[in-house]
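This is the structure I want to talk about, given as structure tokens.
Quick note on labels: first sequence line is chain A, next is B, and so on, each numbered from 1. Atoms considered below: every heavy atom in the structure, side chains included; atoms not considered: hydrogens, waters and symmetry mates.
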There are 2 protein chains.
Amino acid sequence: MMTVTSNVDDAVEQARSAASARPEAPAVRAGWLRAIADRLDDSSEELVPLAGEESGLGAVRLRGEVARTTAQLRLFASALEEGSYLEVTIDHPDPGATPPIPDLRRMLVPLGPVAVYGASNFPFAFSVAGGDTASALAAGCPVIVKAHPGHPGTSRAVAAHVLGALEAAGAPRGMFSLVEGFEDGIALIDHPDVTAAAFTGSTRGGRALADRAAARPRPIPFFGELGSTNPVVVTSAADHARGAALAEGLAQSFLLGAGQFCTKPGIVLVPEGSQLESSIMDATPRDRQTMLTPQIAEAYLDGFERVRKVPGVETLLTPGAPGEPGLLAVAAEDFAQRGEELDGEIFGPVTLLVRYRDEAELRAALEVMEGSLTGTLHCEPGEDVEQVLDLLRARCGRILFEGWPTGVAVSWAQHHGGPWPSTTSQHTSVGVSALRRFLRPIAYQSAPSALLPPELREDNPCRVPRRVDGRMELPEGPTDGA
Amino acid sequence: MMTVTSNVDDAVEQARSAASARPEAPAVRAGWLRAIADRLDDSSEELVPLAGEESGLGAVRLRGEVARTTAQLRLFASALEEGSYLEVTIDHPDPGATPPIPDLRRMLVPLGPVAVYGASNFPFAFSVAGGDTASALAAGCPVIVKAHPGHPGTSRAVAAHVLGALEAAGAPRGMFSLVEGFEDGIALIDHPDVTAAAFTGSTRGGRALADRAAARPRPIPFFGELGSTNPVVVTSAADHARGAALAEGLAQSFLLGAGQFCTKPGIVLVPEGSQLESSIMDATPRDRQTMLTPQIAEAYLDGFERVRKVPGVETLLTPGAPGEPGLLAVAAEDFAQRGEELDGEIFGPVTLLVRYRDEAELRAALEVMEGSLTGTLHCEPGEDVEQVLDLLRARCGRILFEGWPTGVAVSWAQHHGGPWPSTTSQHTSVGVSALRRFLRPIAYQSAPSALLPPELREDNPCRVPRRVDGRMELPEGPTDGA
């Protein structure tokens, strides 16, 4: 029987050789992604208990996560068939232009072997066969996954299915491998033949890898999704209209998955004396949830203690043990003074209420915040929220006006990224445009038709949407990639 | 009279305040770019002699460069009006999706203040009002240019026109500034409110800035265009058919602008005993050209000496003084062994012929080469060049099949970038998609229409091309951005 885990040098060597072949047609790669999705769906009942045992997450959540993972693979397959992601652009010669334009044809091509660092908190959707792997394979890049140590058995089981599905679908050996262990994770980011890396995890771990990626003799792009506080702003009018309901929604959101979501609302800006605050203690169930790993459990209590001790911070609810909820509060004035100590992610079921007395205090608190994946604004129709919205826009990747940031749809318009430290790049890690991370442009100048990739040929045999002489052209017939 | 040069702190503070306002509509920014272009065109006769004196470049070339610069500004203006660059993407709610999709609307927004490091070799097109500045302003980002010390007077004169044009066009103060000097260049890359940097220059200088950008407490993207050898492959058949003509073309290309082009063909792979080589000495004029700066002149001779001394290298023509042409040759076998010493840019009028005896030697030589902006293949119809093409594709951003790599069209399909060290990112610095460097996505979830930017509203008041529920939609009427 084949070993699921590889050593780094073998994995990268095989990936390099898979990458150096001409990339398979997008429709062929779409077949690979669907083959993986089918096999994971078929194996859900085997995988879910394994992941449950290793992560402490419940079966309903994990079953949903498998479905999310396979839907994601299939969405990328659709995007490959639709073809816009190639950004095909053709300029016909224009000798009269300044400077003259020759025949130029541009498209995107895969970067090469990609290192993916699995996350702890989604053993399926952000791990071995998660969004980073799906988007890199979709882009045509071989993937070497570094398994997260929090769920090694799940990682190996998923990897075996991915390998089996790719082999059965005829993908070249080396399109996918799994490596394990801290040392191999370091060796992977340093390996000269790795061309990009994707990571979801802590700011500290991500920064260490990002620094190594940048310090290589040949630096590579590092697509990290790190820490995020996901600020929520509740206006006085919204609090007045529905403060108690907002407290219910908040409690559900910050406790979801024991608060171990990158989009957990970690900071909630409320008017002083808010209904939300009066209701939040009653709205917060005191259940103890299992946390992902002992290290994460410990870091949760440490983080809580660190913030609790900052002058001005009031403890509303202390977790008696890991996985129990915590609630903290502070005046906006103090938050604005002590942003460096207070504006950081605590991974776990805790949120910090920041009480503001007027909009100036609210704005001053927002101004000290670093980048986040999301920002949520609960307001009422007709309120003047433009200045607050400007502050959220400047530091967040997704702005919500209803509901709560946990729950990240996988779609064409999704953006799951934001200014540092929430992500290390201008790209998303969820949604169709996540593909763009693993592609680079190439332009052909005055190429004979026979030497052009089919996507760039004049008669558009691949029927891709393209821009010709500055004008977008859609192929006739169905172009629906949804 | 207003001082043209600012200090870094003032410049960034003003840029930050210009950036924190809601970005002006794309059509308004298009007006700014055209205003700058008009003013530079009107000032060509003032600017060209100044640049000539500082750079040693001729008036015809410099007049053409002003025209290139202003055409570039106008092309970005067209792209703003066309609107595709915003990547507007709308998903309507789909509660049945896995996971459910809310109303999501994505577009790109400006990053914030951008630092631009002017290049030495194009005092207009890659300097103060060059492609980096044009694309950052087009994206909606305020720009702080660090002037190249090789042409300080030209830099100040161009800056004064840019400032004047922006002021007359009603742009906010702070959209553009000029700073000078090595220390200010360092202070700029380190400044906490700078959100991205663009650079064209040497691998050493670019690497130093890239390292600082990555080491900041809050790292920023660094879009550097560094060194490139721009390999040219001539097949036996092509050499047989037109070796003498190819020698003429090569000589013109590697001598253009005293070889001070980022796309200068620095390595030419020819069959042993080629007609090209027999003709190149006669085809190479011995004129001494003025080099851009004394430092560049000195580095040219140093680089020539360094490579000349590598074992196996044969000197065909020694430059007696800076700006005189040099020609070197080496066997492909030796090149493949000594790639680290031989595969690097020598900025100046020199090229290295690499003589191969068979395709295996040719491929082995290509395999040791690092990334380049361009790769050129001169072959004959019907030849099997796929393997050579694969090697060029893997390491080059633009592949040419006719002509020579010097001369970079400014158009929709252009790609001026390539694997490390030719660029530090997956983006181009020339052509419309250079815009993407200075933009980041933002997604609005369940936003009331009144709070959406007009580009994302359901009725498409800005008439932008957009993707709705996975399907591309073009506004009716003219959509020509060319």
(request) Give, as side chain, backbone, both or neither, the part of A/Pro93 having an atom under 4.5 angstrom from any heavy atom of chain B. (result) neither
(request) Report the option among B/Pro219, B/Ala409, B/Ala447, B/Ala394 that has the most heavy-atom pairs separated by less than 4.5 Å from atoms of chain A. (result)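 Option with the greatest count: B/Pro219.
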(message) For A/Arg207, which atoms come within 4.5 Å of any heavy atom of chain B: side chain, backbone, both, or neither?
(response)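 Just its side chain gets close to chain B.
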(request) Against chain B, label A/Pro100 side chain, backbone, both or neither, depending on which of its atoms sit under 4.5 Å from a heavy atom there. (result) backbone
(message) I'd like to know which of B/Asp211, B/Val408, B/Leu451 tops the heavy-atom pair count under 4.5 Å against chain A.
(response)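 Of the options given, most contacts go to B/Leu451.
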(request) Select one option (side chain, backbone, both, neither) describing which atoms of A/Leu111 are under 4.5 Å from chain B's heavy atoms. (result) side chain
(message) Tell me whether A/Arg436 is salt-bridged to B/Glu87, with the criterion being a basic N under 4.0 Å from an acidic carboxylate O.
(response)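 Judged by the 4.0 Å cut-off on N to carboxylate O distance, A/Arg436 and B/Glu87 do not form a salt bridge.
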(message) Does A/Glu402, at its CD atom, have more than 12 non-hydrogen atoms belonging to other residues, nucleotides or ligands within less than 6.0 Å?
(response)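 No, the 6.0 Å shell around CD holds no more than 12 heavy atoms from other groups.
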(request) Return the option, out of A/Arg105, A/Arg68, A/Arg393, with the maximum number of heavy-atom pairs under 4.5 Å with chain B. (result)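 Heavy-atom pairs under 4.5 Å are most numerous for A/Arg393.
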(message) Report which part of B/Arg216 has an atom under 4.5 Å of a heavy atom belonging to chain A: side chain, backbone, both, or neither.
(response) backbone
(request) With B/Arg63 as the cation and B/Phe124 as the aromatic partner, state whether NZ or CZ is under 6.0 Å from the six-membered ring centre and within 45° of the axis. (result)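 Judged by the rule (NZ or CZ under 6.0 Å from the ring centre, within 45° of its axis), B/Arg63 is not positioned above B/Phe124.
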(request) Count the heavy atoms of every other residue, nucleotide or ligand shown that sit under 6.0 Å from CD of B/Glu386, and state whether that count exceeds 12. (result) yes
(request) Just give me the residue among B/Ala210, B/Pro419, B/Ala213 that pairs up with chain A most often, heavy atom to heavy atom, under 4.5 Å. (result) B/Pro419
(request) Quick one: which of B/Ala19, B/Pro110, B/Ser433, B/Pro102 has the most heavy-atom pairs under 4.5 Å with chain A, could you say? (result) B/Ser433
(message) Heavy-atom cut-off 4.5 Å, strictly under: side chain, backbone, both or neither for B/Val385 against chain A?
(response) side chain
(message) Under 4.5 Å from any heavy atom of chain B, what part of A/Ile90 do you find: side chain, backbone, both or neither?
(response) backbone
(message) Tell me whether B/Arg363 is salt-bridged to B/Glu367, with the criterion being a basic N under 4.0 Å from an acidic carboxylate O.
(response)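 Salt bridge between B/Arg363 and B/Glu367, a charged N being under 4.0 Å from a carboxylate O: no.
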(message) Under a 4.5 Å cutoff for heavy-atom pairs, which residue among B/Met107, B/Glu370, B/His427 has the most contacts with chain A?
(response) B/Glu370
(request) For the residue pair B/Thr263 and B/Asn230, confirm or rule out a side-chain donor-acceptor distance under 3.5 Å. (result) no
